[in-house]
Protein chains: 2
Amino acid sequence: MKNKLKALRAQHHWSQQDLATILGVSRQTINAIENGRYDPSLPLAFQISRAFSLPIEKIFDDENHAT
Amino acid sequence: MKNKLKALRAQHHWSQQDLATILGVSRQTINAIENGRYDPSLPLAFQISRAFSLPIEKIFDDENHAT
DNA sequence: AATTAATGTAAAGCCTACTTTACATTGGAG
DNA sequence: CTCCAATGTAAAGTAGGCTTTACATTAATT
């Protein structure tokens with residue numbers, strides 16, 4: 001699952017810690033998601049979606065679907 | 001996290017097993033999600049979204065957000 | 001040169017997501 | 001009534017999501 005977290009965060013001039021605080025998670029969680037170590041849970045994906053005012057589908061890209 | 005799986009499944013006349021097979025997960029997983037025992041992972045949410053041709057936000061409702 | 005902010009990463013631990021196997025209940029078809 | 005499909009649930013196991021603590025690197029500032 002690809003995502004645009006790093007780019008969106010840059011647009012908002014937020015550090016990983018800033019975003020983590022907004023979302024109520026640890027900085028390591030943001031870092032892990034940005035660097036593709038794991039995908040967020042669905043609830044966290046919703047929170048991220050709201051933080052950037054974008055639908056989940058505009059932030060996360062499930063590259064693993066049948067064409 | 002609320003969801004409309006049961007209703008959507010009914011609209012399509014799919015059993016839990018039918019949907020599970022389409023998604024490539026176990027029937028128990030569908031049952032657990034429908035009955036709120038847990039939320040799907042983000043990748044599975046994407047698959048569900050595609051199975052019903054609906055955005056994730058139209059299927060899942062994160063009731064737990066600040067108003 | 002020393003400090004600090006931002007980032008990357010690791011380990012241990014806890015809880016969640018999903019599996020397989022298995023059993024019970026219900027409702028409809030014959 | 002009997003049978004079977006569909007559903008609900010449980011237990012045990014594996015993998016994934018998230019936490020805290022901790023340390024290393026890099027770049028910018030003083």
Side-chain angles (χ1 to χ4, degrees):
Chain A
M1 180 93 64
K2 288 188 302 186
N3 71 73
K4 303 188 170 128
L5 266 200
K6 190 171 292 201
L8 290 169
R9 200 167 51 72
Q11 285 179 24
H12 290 255
H13 304 101
W14 290 340
S15 68
Q16 293 183 346
Q17 181 60 70
D18 290 336
L19 181 56
T21 301
I22 290 168
L23 299 174
V25 297
S26 71
R27 177 181 69 82
Q28 286 79 350
T29 292
I30 302 302
N31 188 279
I33 294 169
E34 284 192 0
N35 291 297
R37 271 196 295 286
Y38 52 74
D39 298 320
S41 66
L42 185 56
L44 182 51
F46 266 92
Q47 283 189 268
I48 293 169
S49 167
R50 288 194 298 270
F52 292 117
S53 302
L54 286 173
I56 290 176
E57 287 85 354
K58 286 263 161 88
I59 303 176
F60 298 95
D61 178 27
D62 187 8
E63 58 220 309
N64 233 30
H65 61 280
T67 51
Chain B
M1 180 94 62
K2 286 188 302 186
N3 71 73
K4 302 187 169 129
L5 266 201
K6 190 171 293 200
L8 291 168
R9 200 166 51 71
Q11 285 179 25
H12 289 254
H13 303 102
W14 290 340
S15 69
Q16 292 183 346
Q17 181 59 70
D18 290 336
L19 181 56
T21 301
I22 290 167
L23 299 174
V25 297
S26 71
R27 178 182 67 83
Q28 286 79 350
T29 292
I30 302 302
N31 189 280
I33 294 168
E34 284 193 359
N35 290 297
R37 272 196 294 285
Y38 51 72
D39 298 320
S41 66
L42 185 55
L44 182 51
F46 265 91
Q47 284 189 266
I48 293 169
S49 167
R50 287 194 298 271
F52 292 117
S53 301
L54 285 174
I56 289 176
E57 288 85 353
K58 286 263 161 87
I59 303 176
F60 299 95
D61 178 28
D62 187 7
E63 57 219 306
N64 233 29
H65 61 282
T67 51

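Fair warning: this is a prediction, and the values are worked out from it, not measured in the lab. Quick note on labels: first sequence line is chain A, next is B, and so on, each numbered from 1.
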Contact letters for nucleotides 25-30 of chain D, in which S counts primed atoms plus P, OP1 and OP2 and B counts the base, heavy atoms under 4.0 Å: ------
Side-chain donor or acceptor of A:Arg27 paired with backbone N/O of A:Ala20 under 3.5 Å: no
Nearest-0.5 Å distance, NZ of residue A:Lys58 to NZ of residue A:Lys4: 8.0 Å
Strand contacts (DNA chain D) in residues 45-58 of chain A, 4.0 angstrom heavy-atom criterion: none
Spacing of B:Gln17 atom CD and B:Gln28 atom CD [to the nearest 0.5 Å]: 8.0 Å
B/S/- contact track for nucleotides 4-23 of chain C, protein heavy atom under 4.0 Å: ---BBBB------SBBBBB-
Polar side-chain atom of B:Glu63 near backbone of B:Lys2 as donor-acceptor pair, under 3.5 Å: yes
Euclidean distance, B:Leu8 CG relative to B:Asn3 CG, rounded to 0.5 Å: 8.5 Å
Distance-only donor-acceptor check, side chains B:Ser15 and B:Asp18, under 3.5 Å: yes
Residue pair A:Glu34 / A:Asn31, side-chain heavy-atom distance below 4.5 Å: no
Closest contact, heavy atoms only, A:Asp62 versus B:Pro43: OD2-O, 3.9 Å
N/O donor-acceptor pair under 3.5 Å between A:Ser49 side chain and A:Ala45 backbone: no
A:Gln16 (side chain) donor-acceptor with A:Ile30 (main chain) under 3.5 angstrom: no
